[in-house]
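What follows is a single structure, written as structure tokens, with notes after it.
By convention in this document, chain letters (A, B, ...) are assigned in the order of the sequence lines, proteins followed by strands, and residues within each chain are numbered from 1. Computed from a predicted model, the values in this text were never measured in an experiment.
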Amino acid sequence: MISSWSIALLILGPLAAAALAFTFPKQGRWMALASAMVTVGAVVALGREVLVGGVQTHHVGGWSAPLGIDLRADGLAVLMLGITALVSSAVTLYSPPYFLAEHDAEALHRGRYFWPLFLFLWTALNGLFLTADIFNLYVTLELLGFAAVALVALAGKREALTAAMRYLFVSLSASLFYLLGVALVYGQCATVDLPSLAAKAQPGPTLWVALALMTGGLLAKAALFPLHFWLPPAHANAPAPVSALLSALVVKGAFYILLRLWFEAFPALMTPAVAQVFGALGAGAILWGSVNALFQKRLKLLVAYSTVAQLGYLFLLFPLAAAREGGFLAWSGGLIFLGAHACAKTAMFLTAGNILHAAGHDRIKDLDGITHVLPISAFAFGLAGVSLVGLPPSGGFAGKWLLLSASLAQGQWWWVAVMLVGSLLAAAYIMRVLSHAFTNVSEPRRPHPIPPVMEWTALALAVLAVGLGLAASWPAELLHIGAPAALGGPGL
Amino acid sequence: MIRRVPIGILSLALLAGLAWAVLSLPATPTGLTAESLVKLPESGVTNPVTAVLLNYRGYDTLLEVGVLLLAIVGVWSLRRGEWPAVDLRDRPLLMSLLRVLLPVLVLAAGYLLWIGAFAPGGAFQAGALLGGALVLVLLAGLARRVLQRDRLLRFGLALGVLVFAGVCAVTKLLTGGMLQYPAGSGGKWILLIESAALISIGLTLGLLYLGGRPALKQEDSSERSPHAHD
Amino acid sequence: MIEADHRIFLLAGAVLFAIGFHSLVVQSHLLRRIMALNVMGSGVFLVFIALGSQAPGPVPDPVPQAMVLTGIVVSVCATGLALALADRVQAATGKVELEDDAQTHRNATDATKESRG
């Protein structure tokens with residue numbers, strides 16, 4: 001079967017753009033724009049192919065697994081690629097004025113290196129979502145980690161550098177844990193092809209340890225409580241478009257691999273106890289992250305702690321999707337939640353960047369009257385907050401609703417309690433920001449002007465986060481294609 | 001330190017788990033030796049490791065060449081490298097050693113690249129030698145004028161990725177599969193990729209030694225990185 | 001059970017990995033932590049090589065060998081990046097260790113106050 005160009009372009013487009021953006025440093029933004037157009041086109045084409053023809057596979061080199069590497073696009077992969085394309089395109093539009101807003105040498109320097117690093121990040125994400133090979137996943141993880149760390153360090157301040165260094169240590173050691181797991185899997189099963197592992201995997205000491213190593217590494221990369229310690233400083237001190245990419249996409253790469261490993265490669269090892277442990281960690285993340293978000297003084301740190309909390313909801317997917325009844329309900333709920341969070345969090349970090357640019361700080365208590373000077377940004381923050389809290393009709397609501405329905409149907413009421421408390425806490429920390437933002441002040445300060453595109457991209461993503469709730473049946477339909485057989489009975 | 005005890009216990013537990021895992025591996029491992037050898041005649045090379053690297057799992061290597069480029073982009077974004085302050089004109093012995101060593105290293109790199117198709121060797125081994133040669137050049141303070149040509153360096157560093165990605169696109173056009181070489185021509189494509197990769201790998205490894213972007217001769221002051229350690 | 005001589009290498013890989021991990025967490029000097037990462041990596045590569053060498057047949061399994069080669073290249077790149085970053089951290093904070101977040105924040109605030117005052 002000759003596969004179409006869409007899969008090839010999703011890898012080669014951003015990769016070539018990254019190399020060219022480095023070779024021609026002044027053309028970076030145009031390379032990114034070209035890559036965005038190619039990638040969006042390719043995702044749309046691939047989505048149609050998957051909807052019409054089912055799961056698409058590209059045997060790279062003409063060899064099929066186990067000798068070669070397969071690139072595989074099912075509904076889940078297309079959804080993730082689509083979210084990545086959306087967020088990255090928004091960042092492509094947002095970043096040129098962001099890095100050029102201050103005409104000094106440092107901003108110029110940052111701006112030049114931002115583009116190749118960002119395009120490598122994009123390549124890594126597309127590669128990660130497409131590959132069906134657990135060793136190739138390691139290479140994409142390293143690409144992703146290097147790019148992410150270098151992007152954090154671009155901010156140049158001591159906090160950012162310290163955060164980047166800690167992030168690099170976590171990221172590299174986590175990759176090695178993952179790689180050692182891959183070695184053990186290869187020793188046991190003689191293949192690193194994800195789909196064929198399910199048939200070959202016999203639960204035993206080697207595979208248990210291998211899976212524990214890989215999971216441990218990936219949980220650190222996904223910043224799941226209690227391994228989240230590196231995330232808030234890294235995400236809060238990075239340049240705003242970088243924070244958006246990290247919170248919206250990068251941590252989800254590791255989560256995605258965990259889904260593939262536990263539900264597709266090794267469903268036999270997914271015991272109820274394992275599922276409950278994932279859920280418990282997720283619940284811990286929701287409570288710990290939300291409470292910490294409530295007490296932050298800086299807006300970007302608040303948004304970063306909110307990411308810690310929101311990642312927790314994703315991990316509730318494990319106990320709920322592994323159950324016999326309504327597994328797919330929870331699966332699609334968790335992934336719709338992921339998409340809504342990606343859009344909402346991008347909007348929030350871009351907004352925070354606007355506020356930083358306009359006001360010169362992001363201290364929450366001094367945000368009074370910011371709505372007067374940045375009405376569009378403040379509106380975008382509020383809309384994104386609606387989705388983050390999970391108010392109808394937002395995407396966050398749709399995702400939580402599906403997760404809630406699944407847990408009620410399965411009688412796992414304790415997750416319901418966690419989700420409700422988490423939503424109340426989210427409402428509290430969002431309201432804390434909004435109450436300052438919407439305070440009337442007698443004489444508003446004179447802010448630095450903000451280029452309109454920086455406000456509108458943030459708003460567009462916030463609107464998408466809310467709109468996703470109205471169109472939630474569409475991703476659910478996509479997710480049916482190639483959904484893991486391990487998911488309990490049909491849901492929708 | 002209070003932390004030491006729990007960390008020690010954690011590390012010992014890790015070790016115990018790992019030992020348990022490796023000792024439970026199957027007695028007769030299957031691996032992919034047989035498959036690799038059966039398909040070897042179709043791969044265009046006779047060295048099985050090269051066949052894995054550039055044919056069966058060539059896609060890994062594409063991303064790996066990307067990792068190399070990304071590393072140098074990251075390092076350059078972080079800081080500016082300093083030229084080693086050495087003047088070898090008053091060290092005639094070292095200078096004459098370099099006169100012999102450098103051509104030999106370059107020759108050996110070329111040999112390793114060529115032999116990689118049949119025996120242990122290949123672009124990475126050759127690139128390591130070339131990188132070593134470049135480190136010697138840097139240490140000796142030679143060829144600074146060439147190394148100050150920013151565009152040339154950037155092009156050389158990106159060459160591996162650009163050619164590799166180009167081969168992916170061309171093979172996709174010709175055969176319908178990325179890196180699926182037309183029958184019988186695998187060896188030539190592999191040599192093309194490896195030659196381009198060799199230049200980029202050698203440059204990357206050598207320039208990583210500088211630890212940053214080489215300082216340019218007449219650097220536009222507006223482009224000067226504030227992070228530089230001048 | 002597998003042959004004894006391969007088990008030695010597999011176990012040595014496990015030991016290297018555990019030592020590397022322990023040092024990474026316990027040590028605070030950035031250079032030592034970077035070295036610790038390299039020791040961890042060597043452990044992983046040793047396991048891969050040992051797995052490939054015990055395969056039956058005339059030659060060792062080439063697949064793990066190629067994977068190790070990929071891994072080594074990645075690890076060289078990681079070390080280069082880590083060293084450059086560590087140098088920047090030292091230049092910015094004057095320390096060869098990572099400050100905890102509160103300390104970083106405090107120092108940064110002090111620095112701003114000093115520059116203002």
Side-chain angles (χ1 to χ4, degrees), chain B residues 1 3-4 7-8 10-12 14-19 21-23 25-37 47-53 56-57 60-61 63-65 67-68 70-72 74-79 81 122 124-125 127-128 201 204-205 208-209 211-212 227 229, chain C residues 1-3 6-7 9-26 28 43 46-47 50-92:
Chain B
M1 287 270 279
R3 289 197 316 165
R4 293 231 161 179
I7 292 168
L10 187 68
S11 305
L12 282 176
L14 175 68
L15 179 59
L18 290 178
V22 295
L23 294 179
L25 279 165
T28 46
T30 35
L32 291 168
T33 322
E35 286 92 333
S36 329
L37 295 182
N47 173 10
V49 179
T50 304
V52 176
L53 272 178
Y56 311 145
R57 299 184 65 90
D60 270 344
T61 310
L63 295 185
E64 184 189 350
V65 174
V67 170
L68 274 158
L70 173 56
I72 207 87
V75 168
W76 282 22
S77 78
L78 280 167
R79 60 191 292 275
F124 290 99
Q125 291 83 338
I201 295 167
T204 305
L205 295 179
L208 276 180
Y209 174 80
H227 311 312
H229 302 258
Chain C
M1 271 296 141
I2 54 185
E3 276 180 64
H6 294 122
R7 265 189 283 174
F9 292 116
L10 290 171
L11 282 175
V15 169
L16 280 177
F17 189 85
I19 291 177
F21 173 71
H22 185 258
S23 307
L24 178 72
V25 185
V26 168
S28 54
L46 194 55
V47 169
L51 286 173
S53 71
Q54 67 189 30
V59 291
D61 188 350
V63 175
Q65 294 190 47
M67 288 173 176
V68 168
L69 207 48
T70 305
I72 289 174
V73 173
V74 170
S75 129
V76 169
C77 295
T79 308
L81 193 64
L83 287 173
L85 186 54
D87 180 83
R88 280 296 306 284
V89 169
Q90 198 208 341

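- Side-chain contact between C/Val26 and B/Arg4 is present, with at least one heavy-atom pair separated by less than 4.5 Å.
- The shortest distance between side-chain heavy atoms of B/Leu18 and C/Val15 does not fall below 4.5 Å.
- Scanning all heavy atoms of the two residues, the minimum distance from B/Val49 to C/Gln65 falls at CG2-OE1, 3.6 Å.
- For B/Arg57 against C/Val63, the heavy-atom pair with the smallest separation is CD-CG1, 4.4 Å.
- For the residue pair C/Leu51 and B/Leu25, the shortest heavy atom distance occurs at CD2-CD1, 3.5 Å.
- To the nearest 0.5 Å, atom CZ of residue B/Phe124 and atom OG1 of residue C/Thr70 are 6.5 Å apart.
- Judged by distance alone, the side chain of C/Asp61 and the main-chain N or O of B/Leu32 form a donor-acceptor pair under 3.5 Å.
- Interface remark: of the candidates C/Val74, C/Leu69, C/Leu83, C/Val76, C/Leu69 forms the most heavy-atom pairs closer than 4.5 Å to chain B.
- Of the atoms belonging to B/Leu10, it is side-chain heavy atoms, and not backbone ones, that fall under 4.5 Å from chain C.
- If you measure heavy-atom distances from B/Leu37 to chain C, the contacts under 4.5 Å come from the side chain alone.
- At a 4.5 Å heavy-atom cutoff, the contact between B/Gln125 and chain C is made by side-chain atoms alone.
- Only the side chain of B/Leu205 comes within less than 4.5 Å of a heavy atom in chain C; its backbone stays farther off.
- Using a 4.5 Å heavy-atom cutoff, the side chains of B/Leu15 and C/Phe17 are not in contact.
- The heavy-atom pair separating B/Val52 from C/Ala66 by the smallest distance is CG1-CB, 3.4 Å.
- Heavy atoms only, all atoms of each residue included: C/His22 and B/Ile7 are closest at CD2-CG2, 3.7 Å.
- C/Ala18 and B/Ser11 make their closest contact through CB-O, 4.0 Å (heavy atoms, listed as atom of the first residue, atom of the second, distance).
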